[in-house]
Protein chains: 2
Amino acid sequence: MELRSFIPAYYRLAEDLKTRIESGELKPGDIIPSETQLATQYGISRMTVRNGLSLLSKAGYITSFQGKGCFVAAPQMDRMYFYFSEHTLLGENKKLESRLLTVDVLAADPKTAVKLQVPADSRIVQIRRVLSDVDGPVALDHRVLPYIKGAPLLEKEIEYAAFPELVSRHTELASARNNISVQACVLMKEEAKLLKSKVGFPALCIEQIIYSRDDRPLGWSKMICRGDRFALKAVSEPYSERL
Amino acid sequence: MELRSFIPAYYRLAEDLKTRIESGELKPGDIIPSETQLATQYGISRMTVRNGLSLLSKAGYITSFQGKGCFVAAPQMDRMYFYFSEHTLLGENKKLESRLLTVDVLAADPKTAVKLQVPADSRIVQIRRVLSDVDGPVALDHRVLPYIKGAPLLEKEIEYAAFPELVSRHTELASARNNISVQACVLMKEEAKLLKSKVGFPALCIEQIIYSRDDRPLGWSKMICRGDRFALKAVSEPYSERL
DNA sequence: GAGTGGTCTAGACCACACA
DNA sequence: GTGTGGTCTAGACCACTCC
């Protein structure tokens, strides 16, 4: 009964190995001691060792091969990720203000109908907003949802909810997937005016489609972001920071 | 000894629950049967149940709380990821051809020196390429590495290696992190010429910095991608497909 | 055949939540 | 107090790899 050790044995093992990997003592490709060796070294049972190794494996530090051993993994540097939510578009600190332009229920034009996979003239809800920070407008937001009778949209939701949430609540269908496409474009006349920029200036066009579990599009959104005010930042996940 | 069941018990349990979650029978927020219940239901030991649940937890389907139970998790739709490698820029099928423009060893200009955190006039290696598919040029690539005496770059590597790999091999330091920034820009004169496009046309500027474990920049790259030929696509990771 | 990881058991005690 | 998940044990047999 050791009072000084609040950390579980498997966790201690994982942190030890993690440190040895991060320090460079154990390099990618190196084999790590076998489970039985680690068990005797640490004076713990093999299942506990496996628990610890499972942590490291989950976090991407090691990979194991049956019959061969457990090896230090090379960090994956081509898998990039980012958080896409208008609240964190510019970083954690910078807040975006939302100003509602229009909310309309109208017939879907052909292009929108294709995106949402609905009949060509069925009714849709269209929301248009301007997002700004203290230095002025940053992005133009255009959201489209299928119109659902008896499913009112709350003004608060319309103005402040993240798109996936909005879609989920509106359709009452659990949305399951979010696809984003980022393209370069230049500002058109109306866009430039609303963004207080100039025609022909570069901008990012970020399209977002929310899908249901059975792959039906539940919502489509297009954001036009001023190129001089916004950059999308992604980082690789070499190893999970947390074990 | 059952010959018909090649799949392990824990895996069968995990797939069962996964199916029940994906079908909507178990909704986000719902509690799943306790470990002891599952153990008796499936006629397996509790540790085996835990093994199965750990899979589901790893894949993002469930979250467990000590003393409370195990609950179906809501898919995270704001965490987006994509693979960034010039070989898969346009999708799995489309191959990009690389044409080398220049390889130079020269003194770092102030801007580059800042990016690489090296002295202002220290020597750097600069590589410039054009990437094309069958329909013509797609992107312009500009890579910068610190010059290291006695570390020759192989021509094959220069032309075909992914940037993180190139950096790793060149510096002989395990690179650990990759940061990417995506911005909108318009084509300048020389860029337009090389990409067979026109000045002022929209383009994506993708900057990449590879860091070592101790957060020193090991390489910097800038890609200019024709806006009409390229879109960056990212998807959310609601649940891992594979268990 | 010896060593590796993968699966599995039948117990145990603990920390925690809730009533 | 009862039930939950979290940790841990000391075994066991298996599939696999390599010699």
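Just so you know, these numbers use all the heavy atoms, side chains as well, and skip hydrogens, waters and symmetry mates. Here is the naming used below: chain letters follow the sequence lines, and residue numbers restart at 1 for every chain.
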Applying the Watson-Crick and G-U criteria (both distances under 3.5 angstrom) with [ ] for crossing and | for other-strand pairs, one obtains for DNA chain C ||||||||||||||||||.
Set of salt bridge (charged side-chain N to carboxylate O under 4.0 Å, His left out) partners for R12(A), sequence neighbours left out: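 Salt bridge (charged side-chain N to carboxylate O under 4.0 Å, His left out) list for R12(A), sorted by chain: D16(A).
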Residues which pass salt bridge (charged side-chain N to carboxylate O under 4.0 Å, His left out) with E35(B), listed by chain and number, not counting sequence neighbours: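 Once residues adjacent in sequence are excluded, the partners of E35(B) under the salt bridge (charged side-chain N to carboxylate O under 4.0 Å, His left out) criterion are R46(B), R50(B).
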Taking all non-hydrogen atoms of both residues into account, name the closest pair between A231(A) and S181(B) and its distance.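 Closest pair (atom of A231(A), atom of S181(B), distance): CB-OG, 3.7 Å.
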Please find the pair of heavy atoms, one from I206(A) and one from C225(A), that lie closest to each other, and give the distance.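 Here I206(A) and C225(A) meet closest at CD1-SG, 4.0 Å.
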Tell me whether Q41(A) at atom CD has more than 12 heavy atoms from other residues, nucleotides or ligands lying less than 6.0 Å away.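 It does: Q41(A) CD has more than 12 such atoms within range.
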Please identify each residue that fulfils side-chain hydrogen bond (donor to acceptor under 3.5 Å, both in side chains) with E25(B), with sequence neighbours left out.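 Residues passing side-chain hydrogen bond (donor to acceptor under 3.5 Å, both in side chains) with E25(B): R20(B).
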List the protein contact pattern of nucleotides 4-11 of chain D with one symbol per nucleotide (5' to 3'): B for base contact, S for sugar-phosphate-only contact, - for none; contact means a heavy-atom distance under 4.0 Å. BBBBBBB-
Can you sort out the partners of I209(B) under side-chain contact (heavy atoms from CB on, under 4.5 Å), two or more places apart, ordered by chain and number?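 Expected list: Y211(B), P217(B), W220(B).
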